[in-house]
K.L.:
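Take a look at the following structure, please.
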Amino acid sequence: MIVAPSMLSADFAELSLELERVEKAEADWIHLDVMDGHFVSNLTFGPPVIKAMRKHSALPFDVHLMIESPDSSLKAYREAGADLITVHAEVCPHLHRTLGEIRKLGAKSGVALNPSTPLTGLEYVLDQLDLVLFMTVNPGFGGQKFISSVLGKIEEFRRIRGNRPILISVDGGIDRESAALVKAAGAEVLVAGSSVFGKEDLKEAISALKA
Ligand code: DX5
Ligand code: ZN
């Protein structure tokens, strides 16, 4: 099980220290939530801040783009240090091409689905995909309640994926209890913000999610 703490719940004024803390706590990846104030109402950070963070961590950067028209900025995110770039299916009319572009840049490609977005179409881009990010909250903010109706969609995708090397990741409201549910449904990557940074002992929080 890969645990990817979401820096959205970290102290933005202390990003370098927060990166060191999660790395010491045995995080596997760093999840970075990019929000543009359009696709979601919240606004976070972009390539310059990711580039600055890159100097303070050797862990893979899992960049979750909650932005409209991501195609024009993929290169900037890759150059800033993204190892994996995930775009939202809802804003990608040419998803096959977008995923191909991410791979051409040398990054792993991911697609995110909002809770209400069906799997429709994913079966035609399986060969372009390294990861599917199942949103278990409506994106935009940390600390929201887990939406359990997504579990069936995860199970369905696990069947469609077959034995292809495509990771199943979940994001939103992941804590000890929901982690057990998504694991049973097929999740292999857990993104967690408040359930990691909300605890005093980050190492204990991360190992509880892995257990
Ligand atoms: C939500 C973001 C998540 C968020 C998760 O829009 O994509 O990555 O940080 O936060 P929690 O774990 O608190 O739900
Ligand atoms: Zn996210």
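Remember, it's 1-based here, ligands and their atoms both numbered in the order they're listed.
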K.L.:
Hey, can you tell me if His88 and His64 have their rings parallel, tilted or perpendicular (30° and 60° cut-offs)?
P.N.:
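Rings of His88 and His64: parallel, under 30°.
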K.L.:
Only protein N/O/S atoms count here: give how many lie under 2.8 Å from the Zn ion (ligand 2).
P.N.:
4
K.L.:
Compare all side-chain heavy atoms of Glu26 with those of Lys203 and state whether any distance is below 4.5 angstrom.
P.N.:
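Contact flag for Glu26/Lys203 side chains = yes.
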K.L.:
Considering all heavy atoms of both residues, which atom of Glu200 and which atom of Arg21 are nearest to each other, and what is their separation?
P.N.:
O-NH2, 4.1 Å
K.L.:
Taking 4.0 angstrom as the limit, do Arg54 and Asp83 come out as a salt bridge?
P.N.:
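Counted as a salt bridge, because a side-chain N and a carboxylate O are separated by less than 4.0 Å.
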K.L.:
Could you tell me whether Glu79 and Lys75 have a side-chain N and a carboxylate O separated by less than 4.0 Å?
P.N.:
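A salt bridge is present here (some side-chain N lies under 4.0 Å from a carboxylate O).
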K.L.:
By salt bridge (Lys or Arg N to Asp or Glu O under 4.0 Å), which residues pair with Glu23, not counting sequence neighbours?
P.N.:
none
K.L.:
With the criterion set at N/O pairs under 3.5 Å, what does the list of contacts between the protein and ligand 1 look like, atom names and distances included?
P.N.:
unit_1	atom_1	unit_2	atom_2	d
ligand 1	6 (O)	Gly140	N	2.7
ligand 1	7 (O)	Asp33	OD1	3.0
ligand 1	7 (O)	His64	ND1	3.3
ligand 1	7 (O)	Asp171	OD2	2.9
ligand 1	8 (O)	His31	NE2	3.4
ligand 1	8 (O)	Asp33	OD1	3.1
ligand 1	8 (O)	Asp33	OD2	2.8
ligand 1	8 (O)	Asp171	OD1	2.7
ligand 1	8 (O)	Asp171	OD2	3.0
ligand 1	9 (O)	Ser6	OG	2.8
ligand 1	9 (O)	Asp33	OD2	3.1
ligand 1	12 (O)	Gly193	N	2.7
ligand 1	13 (O)	Gly143	N	2.8
ligand 1	13 (O)	Ser194	N	3.0
ligand 1	13 (O)	Ser194	OG	2.5
ligand 1	14 (O)	Gly173	N	2.8

K.L.:
Side chains of Thr117 and Asn114 only: does a donor on one sit below 3.5 Å from an acceptor on the other?
P.N.:
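Side-chain D/A pair, Thr117 to Asn114: absent.
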K.L.:
Decide yes or no for Leu84 and Trp29: does some side-chain heavy atom of the first lie under 4.5 Å from some side-chain heavy atom of the second?
P.N.:
yes
K.L.:
Show which side-chain atoms of residues 34-41 pair as donor or acceptor with protein atoms under 3.5 Å away, not counting sequence neighbours.
P.N.:
unit_1	atom_1	unit_2	atom_2	d
Asp36	OD1	His38	N	2.8
Asp36	OD1	Phe39	N	2.8
Asp36	OD2	Glu68	N	2.8

